Every structure is written in structure tokens, then in C-alpha cells.
A.B. asks: 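Mind having a look at this structure? Questions to follow.
Since this is a predicted model, take the numbers as computed values, not measurements. To find a chain, count down the sequence lines: A is the first, B the second, and so on, and within it residues start at 1. Note that these values count all heavy atoms, side chains included, but never hydrogens, waters or copies made by symmetry.
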Amino acid sequence: MTGNASVRTRFAPSPTGHLHVGGARSALFCWAFARHHGGRFLLRIEDTDQKRSSEEAGLGFFQDLAWLGIDWDEGPQFESCGGGETGPYFQSERLEIYAKHFDQLIESGAAYPAFETTEELTEARREARANKQAYRYNRASLSLSEETIQQYLQEGRPHVLRFKVPDDREIVIEDAVLGEVRVSPGELEDFVIRKADGFPTYHFAVVVDDSLMKVTHVIRGQEHLANTPKHMLLQEALGFTHPVYAHVSLIFNPDGSKMSKRDKDKLLRREVRERKIEGPPADSSIDNSTWETWTGDKTVQLPTEAACSLAICLGIDLPEIDVADFQQAGYLPEVLLNYLALLGWSPADGREQFDATYLAEHFDLERIVKSPAKFDRDKLLAFNLDAIQDMSEGDFVSAFRSFCDSFHPEVVSQFDEETFAHFARANKERSKTLFDPIRTGGFFLEDDESITWEAIKPVRKALCNGEPCGYDRLEAILPVLKDLEDWTVSSLETVIENWAEANAEGNLGKVAQPIRVAVSGGPISPPIYDTLVILGKSSSIRRIERCLAARETLCPTA
RNA sequence: GACCCCAUCGUCUAGUCAGGUCCAGGACGUCAGGUUUUCAUCCUGAAAACAGGGGUUCGAAUCCCCUUGGGGUCGCCA
């Protein structure tokens with residue numbers, strides 16, 4: 001680690017929804033930058049929106065970050081992370097701190113109360129838009145007489161606090177990624193810094209907190225670039241120094257739209273609208289009031305479970321957007337971290353696959369790319385495959401085990417410990433995700449009696465084609481298998497290979513494939529000896545017998 | 001609509017700041033072969049880009065301008 005130990009970065013999510021990949025990448029860059037310089041990385045929860053913040057979401061963020069391996073030195077306490085001298089790290093607990101700074105701005109005349117109602121402002125905006133003009137707050141409340149203001153305040157009229165933007169100067173952002181960004185005088189309006197409910201707005205809280213928490217580098221998404229002049233002006237009015245800003249480009253969907261945590265809701269809303277669905281589907285887990293709130297307000301997100309169940313009812317797949325989605329889909333945390341780091345940054349030596357330690361060693365702001373990046377599932381999948389193939393068998397078994405514990409407990413209860421491990425090992429070399437063994441190995445979990453054979457091409461090819469056909473060979477080898485006492489990979493290998501040598505010109509496929517189809521119901525399985533051992537002797541025999549019984553249906557003898 | 005940001009293979013990118021070593025390199029994907037008891041791997045090879053137009057210069061992917069295209073912001077959300 002080199003450089004400046006006083007470096008302090010922060011990730012400051014609002015606890016609405018879950019950690020999505022864009023946020024995760026911002027957090028990762030902040031983390032990597034702090035680690036690279038031997039500085040500190042802080043986590044702060046921006047819960048100043050009383051309407052939308054929820055406690056569980058905060059916890060989800062912690063778990064997602066921890067899963068990725070992004071640890072924070074200061075912030076909310078979670079496992080071994082958190083603590084620190086500059087807290088509290090929930091903005092909702094810092095109201096007194098903000099109050100002090102509000103007073104400071106009021107006294108210096110840099111902030112003033114404004115009494116317009118939300119309705120009035122909405123109307124003014126609508127009108128400006130209709131006239132194709134840029135809307136800016138007209139400072140009406142600024143020209144109120146001192147008397148009127150006092151009267152309004154005494155009446156207890158609801159009001160916000162606005163920041164009086166100096167409109168005579170150009171603002172220059174020295175962005176570490178974008179370079180100089182200039183904003184002309186008069187571009188900014190007098191924005192709100194304290195809401196009518198007394199809570200600070202994002203702009204105010206972020207400036208006060210970053211300064212008090214001694215944040216030196218603000219690395220965040222480019223959607224914040226337009227806010228930066230506001231923040232800089234506020235810093236000057238409060239007597240704070242400017243941090244270094246680094247605005248990272250956005251992450252897009254393959255179709256070019258911004259990859260957003262709202263994408264799932266967008267998709268669901270569109271489906272619901274197109275199919276003219278009026279209420280929550282009966283077999284979904286959504287109650288009427290949740291449905292009403294969701295359909296009534298486009299900014300409301302459906303809770304994860306509700307969204308999943310609705311998607312299942314509608315028969316559509318939700319895109320993977322949140323870190324948790326990728327976890328559940330069977331991606332490895334170190335792979336997602338690697339891929340995310342590569343979206344907009346690359347090391348000077350051109351390496352593509354690396355771990356968090358390497359990232360911390362090599363990360364810098366200079367090599368961050370300015371242009372936006374599309375999220376490429378295929379490349380992520382390829383990386384995941386590589387990482388899985390690089391794992392030791394033991395590591396894979398335990399990774400697969402904890403994946404199953406979390407998301408597919410039925411797989412764990414299906415096998416005894418040793419067979420579970422065998423199942424995992426046998427699937428490793430063909431797995432791109434931790435879910436793949438389950439996806440392609442469904443037949444292991446099924447009951448012997450519920451295996452069915454469809455007369456699709458590869459099945460017929462294995463069983464019906466040729467002379468002798470697969471069925472003939474199956475029939476011939478069944479007694480051999482029945483006689484085998486020692487049902488192990490090595491014994492099966494010996495027996496089946498010898499049989500193939502004697503009866504199929506040494507062509508193993510001629511006998512392996514019919515057996516595979518018989519025991520699995522389809523043409524895909526792990527290596528045949530492993531498959532038979534995992535299944536066990538009685539299941540294997542039973543399935544072959546049932547398959548033989550279906551011969552007439554599958555290969556009708558015209 | 002106003003302001004701001006961006007622009008190299010289908011995608012992520014190297015190269016751009018310090019112009020020549022770039023008829024543009026890598027990765028994913030695609031295509032064609034090969035290995036393999038299935039699938040998946042694995043191996044070999046191929047196609048594939050400097051958005052367009054003007055400048056500056058002996059020389060431009062690299063610097064400047066315009067056009068076009070994409071994106072962001074314009075909330076008492078963050």
C-alpha cells in the first residue's frame with residue numbers, strides 16, 4: 001500500500017431497496033482507493049427520507065457488502081465492521097448536528113425560509129415545461145418583508161429552508177475522472193436544504209457529513225455530477241474545504257438503458273399494464289394494500305419477495321440487478337467483485353482476472369474510464385466458470401454446500417454427507433455457477449418412479465437408433481449391473497468398460513449413453529460412473545428397468 | 001426544452017493526457033475445425049472497431065472545431 005494514509009472515502013447509500021450493482025461498484029472503488037492508500041473506508045446510511053427508509057434494507061446492504069468482501073472501517077456496526085469516531089453514521093441520528101449548521105447559514109444570510117407549497121411549485125414547473133422553458137425557483141420568498149416572514153413563522157406556516165446561491169460566478173469542478181467541468185453563473189436555483197419536516201435534504205446532509213467525517217475523496221456515480229456545484233457552494237458557505245471529486249460513469253443494461261434498481265418494478269409494471277391486470281393475482285403473496293400502494297405510486301418498489309412471486313405468477317424472469325440476485329443465481333462473490341472492478345477500470349498490466357487484494361494494490365483514479373459500460377452477463381458467466389474451475393474440489397464442495405444451505409436446502413437433505421460431496425465434485429467441472437449442479441441435476445432429486453422419457457431426438461438416438469440399439473445393450477448389461485456387489489466408481493468402470501470391450505467394439509459411448517438416458521431421463525448428466533454411484537444401486541437398477549418397460553412407447557416397432 | 005457528460009471490434013477495454021513503435025492489442029461473445037462416454041469444458045484458427053466532416057501537423061485513434069448519436073440532471077428522492 002502506498003500513498004496517503006489520511007485518505008478517507010465513504011459509501012453512502014439510502015436504505016431503500018437493495019444494493020444494486022451500480023452502488024456496489026461505487027462502494028468497491030471507494031473501498032479499493034482507501035485500501036490502496038492505507039486510508040479508511042466509511043459507510044454511512046442516508047436515511048433522511050422519512051417516507052421511504054426501512055430498517056431491513058439497511059441490513060440487506062450490510063450483508064451484500066460483507067458477502068462481496070467489502071469491509072468498512074467506520075460506520076454502522078455489523079459483524080467485525082463499523083465503529084469510528086465521527087459518527088453517528090445514520091443521518092437520522094445527526095439532526096442536532098445539521099441544526100447547528102442550518103443556524104450558521106441563516107445567520108450569515110446564506111439561507112432563507114421559503115413558504116411556497118409543493119402544489120404551487122409543481123404547477124410552476126408544469127407551466128415552465130409547457131412553455132419549453134427551464135424552470136428555476138423565482139426567489140419569491142426572498143423578497144418577503146421581514147415582518148411578513150416573522151408573521152408566517154409565528155403562524156407556524158410550513159416552510160422549507162433554501163440556500164441562496166451566489167449567481168455571479170462560474171463554478172469549476174476539478175474532477176479526478178472527468179477533468180475540469182465548468183458550470184456558468186445563473187445555472188443553479190436556490191435549492192432546498194431543509195425540508196418542511198425539519199430533515200435536511202440530501203445536498204445539505206452529504207456536505208455536512210462528508211466534511212465532519214473528514215472525507216477526502218468522494219467517488220460516486222455520474223448521476224451526481226450535476227449536484228456537485230451545489231455541494232461546492234454549500235461547502236464554501238459553511239467554511240469547509242472541498243474534497244476531491246471522482247465521478248464514475250453509469251452501468252447500462254444491454255439495451256442501453258440505465259441499469260437501475262427500479263428495472264424490476266418497471267418490467268412488472270409494464271406487464272401488469274399490458275395485460276390489464278386489476279388486482280394482485282390470487283396465487284401471489286401480495287395483499288391488496290401493498291398492491292394499491294405499488295400501483296398508485298411509481299416510485300414505490302415492491303418488496304423482493306412480492307416482486308418474485310408476482311414474476312412467477314406472470315411467468316416472466318426478473319433481471320438480475322441487485323448483488324443479492326447474483327448471489328442467489330450462484331455467482332461467486334470474488335467473481336462479481338472482479339467483474340465490477342473491470343467495468344470502468346483496468347489495471348495497467350492488462351490483467352483481467354484478479355482478486356480484491358490485487359485490486360487494492362493496483363487501484364487508482366487515473367485509469368477509470370469516462371464512458372458508460374454495458375453490463376455483460378456472458379463475460380461475468382465466463383469469469384465465474386474460470387473461477388469455479390480454479391477451485392479445489394474441497395473448496396467447491398463447501399461453496400456449493402453453503403449456497404445450498406442458503407437457497408436450496410432441499411438438496412442438502414436429499415443426500416448423506418458423503419454423497420452430497422460426491423454430487424458436488426461430479427458436477428464441478430461442468431458448472432458455470434453454483435446453481436448449475438441443481439439446474440442440470442434435477443433427476444438426482446426426483447423420485448425413481450417420477451422419471452419420464454420424452455421421445456426427443458437425443459433420447460431416441462441413444463435408445464432406439466442403430467443395430468443393436470441402445471435398448472438392446474441396456475437389456476444386455478442390466479444383469480451385469482445387478483450382479484455387481486461393489487457399487488463404486490472403480491468397480492463400475494471396470495465392469496462397464498470390460499463389457500463395452502466385449503460387446504460394443506470398445507465403444508464406451510454405445511453403452512454409457514443409454515444408461516445415462518435411462519437413469520436421468522435425458523441426455524445430460526455427470527460422468528456415468530459418478531452418476532450411478534450418487535444415485536445408488538437400487539435407484540439405478542430401478543430406473544433402468546422402468547426405462548426398459550417404456551421401450552414400446554419410445555421406440556415403436558412399426 | 002435548458003445545462004452537463006460521453007463516443008475504438010456485437011460487448012468490456014488497451015492505446016488518447018506527453019501525435020510517429022497501431023494497415024489498432026487483449027478479453028467475452030460469434031463462426032470454423034479438433035479433443036471428449038452426454039452436456040459443459042479444453043485446444044487451434046478466423047471474421048470483427050478508431051461515429052461522420054472539417055482543421056492543425058511532415059505525420060492524428062491520439063490535439064482543436066462542428067455535426068450526429070448515446071446518456072445524465074433539472075424533486076421538500078438520494
A.B. asks: Grab the CZ-P distance between A/F383 and B/U41 for me, whole Å please.
C.D. replies: 15 Å
A.B. asks: Which of these nucleotides, B/A78, B/U37, B/A2, is closest to any side-chain atom of A/L508?
C.D. replies: B/U37
A.B. asks: Check every strand shown and say whether A/S346 touches a base, only sugar-phosphate, or nothing at a heavy-atom separation below 4.0 Å.
C.D. replies: sugar-phosphate
A.B. asks: If you look at every strand shown and take non-hydrogen atoms under 4.0 Å, does A/L178 touch a base, only sugar-phosphate, or nothing?
C.D. replies: sugar-phosphate
A.B. asks: Would you mind telling me which residue lines up with the more 5' stretch of RNA chain B, A/H203 or A/R182, judged by nearest nucleotide?
C.D. replies: A/R182
A.B. asks: Is any N or O donor-acceptor pair between the side chain of A/E352 and the base of B/G26 shorter than 3.5 Å?
C.D. replies: yes
A.B. asks: Please classify the nucleic acid contact of A/R44 as base, sugar-phosphate, or nothing, using heavy-atom distances under 4.0 Å.
C.D. replies: nothing
A.B. asks: Tell me which nucleotide, if any, is Watson-Crick or G-U wobble paired with B/A27 when both distances must be under 3.5 Å.
C.D. replies: B/U11
A.B. asks: To the nearest angstrom, how far is A/Y98 atom OH from B/C76 atom P?
C.D. replies: 18 Å
A.B. asks: If you look at every strand shown and take non-hydrogen atoms under 4.0 Å, does A/E493 touch a base, only sugar-phosphate, or nothing?
C.D. replies: nothing
A.B. asks: Tell me which of A/G350 and A/S371 sits closer to the 5' end of RNA chain B, going by the nucleotide each one is nearest to.
C.D. replies: A/S371
A.B. asks: Distance check: side-chain N/O of A/R367 vs OP1/OP2 of B/G15, anything under 4.0 Å?
C.D. replies: yes
A.B. asks: Across the strands shown, which category fits A/F252 at heavy-atom distances under 4.0 angstrom: base, sugar-phosphate, nothing?
C.D. replies: sugar-phosphate
A.B. asks: Nearest to the side chain of A/K379 - B/U41, B/C28, B/G72?
C.D. replies: B/C28
A.B. asks: So which nucleotide from B/G1, B/C28, B/U37 ends up closest to the side chain of A/D378?
C.D. replies: B/C28
A.B. asks: Rounded to whole angstroms, how far apart are CG on A/D190 and P on B/C74?
C.D. replies: 17 Å
A.B. asks: Start with the C-alpha gap between A/R516 and A/S525, add the side-chain angles, then the distance that decides, and say whether side-chain hydrogen bond (donor to acceptor under 3.5 Å, both in side chains) holds.
C.D. replies: CA-CA 7 Å; A/R516 168 172 290 114; A/S525 90; 2.8 Å; yes
A.B. asks: Please say which of A/I45, A/L19, A/D47 ends up in a side-chain contact (heavy atoms from CB on, under 4.5 Å) with A/P13.
C.D. replies: A/I45
A.B. asks: Which nucleotide in the list B/G10, B/C76, B/U73 gets nearest to the side chain of A/A226?
C.D. replies: B/U73
A.B. asks: Quantified in whole Å, what is the P atom distance between nucleotide B/C9 and nucleotide B/A2?
C.D. replies: 29 Å
A.B. asks: Looking only at the side chain of A/A382 (C-beta and beyond, no hydrogens), which of the listed nucleotides B/U37, B/C28, B/G75 gets closest?
C.D. replies: B/C28
A.B. asks: Could you work out the separation of B/U62 and B/C17 based on their C1' atoms and round it to a whole Å?
C.D. replies: 10 Å
A.B. asks: For A/R125, answer base if it contacts any base atom (sugar-phosphate contacts may also be present), sugar-phosphate if it contacts only those atoms, and nothing otherwise; contact means non-hydrogen atoms under 4.0 Å.
C.D. replies: sugar-phosphate
A.B. asks: Distance between the C1' atoms of B/C63 and B/G1, in whole angstroms?
C.D. replies: 33 Å
A.B. asks: Centre-to-centre under 6.0 Å for A/Y202 and A/H224, is that the case here?
C.D. replies: yes
A.B. asks: Can you measure A/Y202 atom OH to B/C77 atom C1' for me and round it to whole angstrom units?
C.D. replies: 11 Å
A.B. asks: Would you indicate what A/K432 reaches in the nucleic acid, counting non-hydrogen atoms under 4.0 angstrom: base, sugar-phosphate, or nothing?
C.D. replies: sugar-phosphate
A.B. asks: So, is the end of the A/R162 side chain (NZ or CZ) under 6.0 Å from the ring centre of A/Y137 and within 45° of the ring's axis?
C.D. replies: yes
A.B. asks: Go through B/U38, B/G72, B/C77 for me and flag the one nearest to the A/K195 side chain.
C.D. replies: B/C77
A.B. asks: Using the rule side-chain contact (heavy atoms from CB on, under 4.5 Å), only one of A/L43, A/V206, A/I219 pairs with A/R10; which is it?
C.D. replies: A/V206
A.B. asks: NA contact type, A/P523, heavy-atom cut-off 4.0 Å: base, sugar-phosphate, or nothing?
C.D. replies: base
A.B. asks: Taking atom C1' in both B/A24 and B/A49, what distance in whole Å separates the two?
C.D. replies: 9 Å
A.B. asks: Report which part of the nucleic acid A/H224 touches: base, sugar-phosphate, or nothing (heavy-atom distance under 4.0 Å, all strands).
C.D. replies: base
A.B. asks: Name the pairing partner of B/A40, where a pair is Watson-Crick or G-U wobble with both distances under 3.5 Å, or state none.
C.D. replies: none
A.B. asks: Would A/R182 and A/E180 pass as an ion pair if we require N to O under 4.0 Å?
C.D. replies: yes
A.B. asks: CG of A/D210 versus C1' of B/A78: gap in Å, rounded?
C.D. replies: 13 Å
A.B. asks: Mind checking if A/A373 touches a base, just sugar-phosphate, or nothing, with heavy atoms under 4.0 Å?
C.D. replies: sugar-phosphate
A.B. asks: With sugar-phosphate meaning primed atoms plus P, OP1 and OP2, does A/V517 contact a base, only sugar-phosphate, or nothing at under 4.0 Å between heavy atoms?
C.D. replies: nothing
A.B. asks: B/G69 pairs with which nucleotide, Watson-Crick or G-U wobble, both distances below 3.5 Å?
C.D. replies: B/C6
A.B. asks: Just to verify, what does A/N253 make a side-chain hydrogen bond (donor to acceptor under 3.5 Å, both in side chains) with, not counting sequence neighbours?
C.D. replies: A/S257, A/D263
A.B. asks: Hey, would you say the A/Y339 and A/Y331 ring centroids sit under 6.0 Å apart?
C.D. replies: no
A.B. asks: Where the side chain of A/T201 is defined as all heavy atoms beyond and including C-beta, which of B/C39, B/C76, B/C42 is the nearest nucleotide?
C.D. replies: B/C76
A.B. asks: Of all the choices, B/A27, B/C76, B/C4, which nucleotide is nearest to the side chain of A/L225 once you look at every atom?
C.D. replies: B/C4
A.B. asks: Evaluate the ring planes of A/W345 and A/F363, with Trp represented by its six-membered ring, and classify them as parallel (under 30°), tilted (30 to 60°) or perpendicular (over 60°).
C.D. replies: tilted
A.B. asks: Determine the contact category for A/N227: base if any of its heavy atoms lies under 4.0 Å from a base atom, sugar-phosphate if only primed atoms, P, OP1 or OP2 are that close, otherwise nothing.
C.D. replies: base
A.B. asks: Look at all strands and tell whether A/A512 reaches a base, only sugar-phosphate, or nothing, counting heavy atoms closer than 4.0 Å.
C.D. replies: base
A.B. asks: As a test of reading the structure: which of B/C5, B/A2, B/C42 is closest to the side chain of A/D386, going by heavy atoms?
C.D. replies: B/C42
A.B. asks: Contact class for A/G179 (heavy atom, under 4.0 Å): base, sugar-phosphate, or nothing?
C.D. replies: nothing
A.B. asks: Identify the nucleotide, in any strand shown, that forms a Watson-Crick or G-U wobble pair with B/G1, with both distances under 3.5 Å; if there is none, say none.
C.D. replies: B/C74
A.B. asks: Determine whether a donor-acceptor pair (one donor, one acceptor, N or O, separation below 3.5 Å) exists between the side chain of A/R516 and the base of B/U38.
C.D. replies: yes
A.B. asks: Side-chain N or O of A/K370 versus OP1/OP2 of B/C17: is the shortest distance under 4.0 Å?
C.D. replies: no
A.B. asks: Round to the nearest Å and state the distance from A/R430 atom CZ to B/U41 atom P.
C.D. replies: 11 Å
A.B. asks: Whole Å only: how far is the NZ atom of A/K374 from the C1' atom of B/U11?
C.D. replies: 8 Å
A.B. asks: Please state how far atom CD in A/E46 lies from atom P in B/C77, giving the value in whole angstrom units.
C.D. replies: 14 Å
